[in-house]
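Data first, discussion second: the structure below is written as structure tokens.
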2 protein chains.
Amino acid sequence: MTSSTQRSARGHRGDLFDPQCPTRRLLDRIGTKWTSMVIKVLAEASTEEVRFAQLQRRMPGVSQKMLSVTLRGLTRDGLVDRRVEASVPPRVYYRLTPLGLTLEEPLARIREWAEEHMAEVDRANRRSDERTTDS
Amino acid sequence: MTSSTQRSARGHRGDLFDPQCPTRRLLDRIGTKWTSMVIKVLAEASTEEVRFAQLQRRMPGVSQKMLSVTLRGLTRDGLVDRRVEASVPPRVYYRLTPLGLTLEEPLARIREWAEEHMAEVDRANRRSDERTTDS
DNA sequence: CGGCATCCCCCGGGATACTG
DNA sequence: CAGTATCCCGGGGGATGCCG
């Protein structure tokens, strides 16, 4: 991480953005609720396009709004490809770009770590809870 | 930080969809602003302990509050080890636990991706902007 | 020195309703 | 069917201030 977040001691408006720390920005992205799930679902579809409604069906709990917002962001970022079929009713297809596909890799590592270790994290949490709960 | 007093989730590997999903929770964690930076700095210190003030110095921009909150969370999670030296003034030392150390790996992959590809993401963003801003 | 507590602002993101 | 526009709430997180 190479930031160096400098800002005047008093600017209360959120300007003076973090002068690009790439890692920070990437974490913000994949940290947003639905981003990594979209990438995973699209990665599972391989190179096949997936329609909006299909995506939504494969992502229980996502609202239309958030799926839409998430996809727009990923499209802007060049990670997702969007194709509109001008029919009635309209159909919109999505798939990962080559760039997006390369992100699946590190994300998979994160997923693996979670599956493998989060149980232990839970145990650690319970241990802490006990210590504070007793007294 | 999530206040997880929740219990396990056995998983089929696919349930990134479970709100209780380990991956979701991990992403929430590492998505919070300072978590991954703390892990990186502590990882760089290897097994050596690092004092609070040292950490803060190595993380430009972090407030005392947020560093404190972040460290408490990581300690609860069993990723960071905390040792208090009851002197006057008091000294508090931190280092990664073995568990925390294993998280450095996947985080490094994420960092690498960011360093390697965020420039391309920026280009994609600029291209989108032109299309909407053009006139 | 380390780290609680307090105040407060901002924005992610859910629910709902409306257009093409 | 896909996407946009409103409204609204909770919580992340910055800026103090105080205490062991």
Side-chain angles (χ1 to χ4, degrees), chain A residues 3 5-18 24-25 27-38 49-76 80-95 128 132, chain B residues 1-4 19 24-25 27-38 49-76 80-95 128 132:
Chain A
S3 57
T5 311
Q6 241 300 59
R7 56 194 320 289
S8 55
R10 57 205 267 327
H12 63 70
R13 269 204 79 251
D15 319 330
L16 279 184
F17 302 125
D18 213 302
R24 171 75 265 128
R25 287 162 52 223
L27 284 171
D28 284 345
R29 281 252 171 257
I30 67 179
T32 60
K33 198 162 184 185
W34 303 104
T35 301
S36 54
M37 204 188 298
V38 167
E49 295 176 308
V50 184
R51 291 188 56 186
F52 186 91
Q54 293 177 315
L55 269 171
Q56 194 173 15
R57 229 172 298 122
R58 295 178 198 182
M59 297 171 54
V62 72
S63 65
Q64 260 180 319
K65 170 189 167 184
M66 285 320 295
L67 182 53
S68 192
V69 167
T70 304
L71 285 166
R72 206 187 315 143
L74 288 171
T75 303
R76 266 184 56 94
V80 163
D81 206 23
R82 176 199 158 103
R83 184 172 69 85
V84 180
E85 200 177 276
S87 56
V88 178
R91 297 167 181 214
V92 187
Y93 297 87
Y94 296 92
R95 66 180 154 89
S128 297
T132 12
Chain B
M1 296 291 173
T2 350
S3 63
S4 67
R24 170 77 265 126
R25 287 161 53 222
L27 284 171
D28 285 345
R29 281 254 182 319
I30 67 178
T32 60
K33 199 162 182 184
W34 303 104
T35 301
S36 53
M37 203 185 303
V38 167
E49 294 176 309
V50 184
R51 291 188 54 186
F52 187 91
Q54 293 177 315
L55 269 171
Q56 194 173 16
R57 230 172 299 120
R58 295 177 198 182
M59 297 172 51
V62 72
S63 65
Q64 259 179 317
K65 169 190 168 183
M66 285 320 295
L67 182 53
S68 191
V69 167
T70 304
L71 286 167
R72 204 187 316 142
L74 288 170
T75 303
R76 268 183 56 93
V80 162
D81 206 22
R82 175 199 159 102
R83 185 173 68 87
V84 179
E85 200 177 275
S87 56
V88 178
R91 297 169 182 212
V92 187
Y93 297 87
Y94 296 91
R95 65 178 153 92
S128 298
T132 16

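Sequence lines set the chain letters: A, B, ... in the order given, protein chains first and strands last, and positions in each chain run from 1. Given the structure is predicted, the values throughout are model-derived calculations rather than measurements. Basis for what follows: all heavy atoms, side chains included, without hydrogens, waters or symmetry-related copies.
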- Task: Look at the side chain of Lys33(A) against the base of dG13(C) and say whether a donor-acceptor pair falls under 3.5 Å; ignore hydrogens and angles.
- Result: no
- Task: Provide the closest heavy-atom pair for Leu55(B) versus Leu67(B) in the form atom of the first, atom of the second, distance.
- Result: CB-CD2, 4.1 Å
- Message: Between P on dG20(C) and CZ on Phe52(A), what's the gap in Å once rounded to a whole number?
- Response: 18 Å
- From dT4(D), dG20(D), dG3(C), nucleotide with atom closest to Ser68(A) side chain: dT4(D)
- Grab the CZ-P distance between Arg82(A) and dA2(D) for me, whole Å please. 10 Å
- Query: Within this structure, what is the CE-to-P distance between Met66(A) and dT4(D), rounded to whole angstrom?
  - Reply: 13 Å
- Message: Distance check needed: dA2(D) C1' versus Gln54(A) CD, whole Å only.
- Response: 13 Å
- Rounded to whole Å, the CG-C1' distance (Leu67(B) to dG14(D)) equals 14 Å
- Query: Just how far, in rounded Å, is P of dC1(C) from CG of Leu55(B)?
  - Reply: 15 Å
- Item | Rounded distance in Å - CE (Met59(B)) to P (dG14(D)) | 10 Å
- Message: Mind checking if Tyr93(A) touches a base, just sugar-phosphate, or nothing, with heavy atoms under 4.0 Å?
- Response: nothing
- Item | Closest heavy-atom pair and its distance - Thr32(A), Arg24(B) | O-NH2, 4.3 Å
- Query: Stepwise, does the side-chain contact (heavy atoms from CB on, under 4.5 Å) test hold for Arg83(A) with Glu49(A)?
  - Reply: CA-CA 9 Å; Arg83(A) 184 172 69 85; Glu49(A) 295 176 308; 2.7 Å; yes
- Task: Please tell me which of Ser63(B) and Arg51(A) maps to the more 5' nucleotide of DNA chain D, matching each residue to the nucleotide holding its nearest heavy atom.
- Result: Arg51(A)
- Message: Nearest whole Å is fine: how far is dC1(D) P from Gln64(A) CD?
- Response: 9 Å
- Task: Starting from the 5' end of DNA chain D, give me the residue, Lys65(A) or Pro89(A), whose nearest nucleotide shows up first.
- Result: Pro89(A)
- Does Arg29(B) place a side-chain N or O at less than 4.0 Å from the phosphate oxygens OP1/OP2 of dG12(D)? no
- Task: Grab the two heavy atoms, one from Asp28(B) and one from Gly31(A), that are nearest each other, plus how far apart they are.
- Result: OD1-O, 4.4 Å
- Item | Pair Tyr94(B)-Arg82(B), side-chain donor/acceptor within less than 3.5 Å | yes
- Query: Picking from dC1(C), dT6(C), dT4(D), which would you name as closest to the side chain of Arg72(A)?
  - Reply: dT4(D)
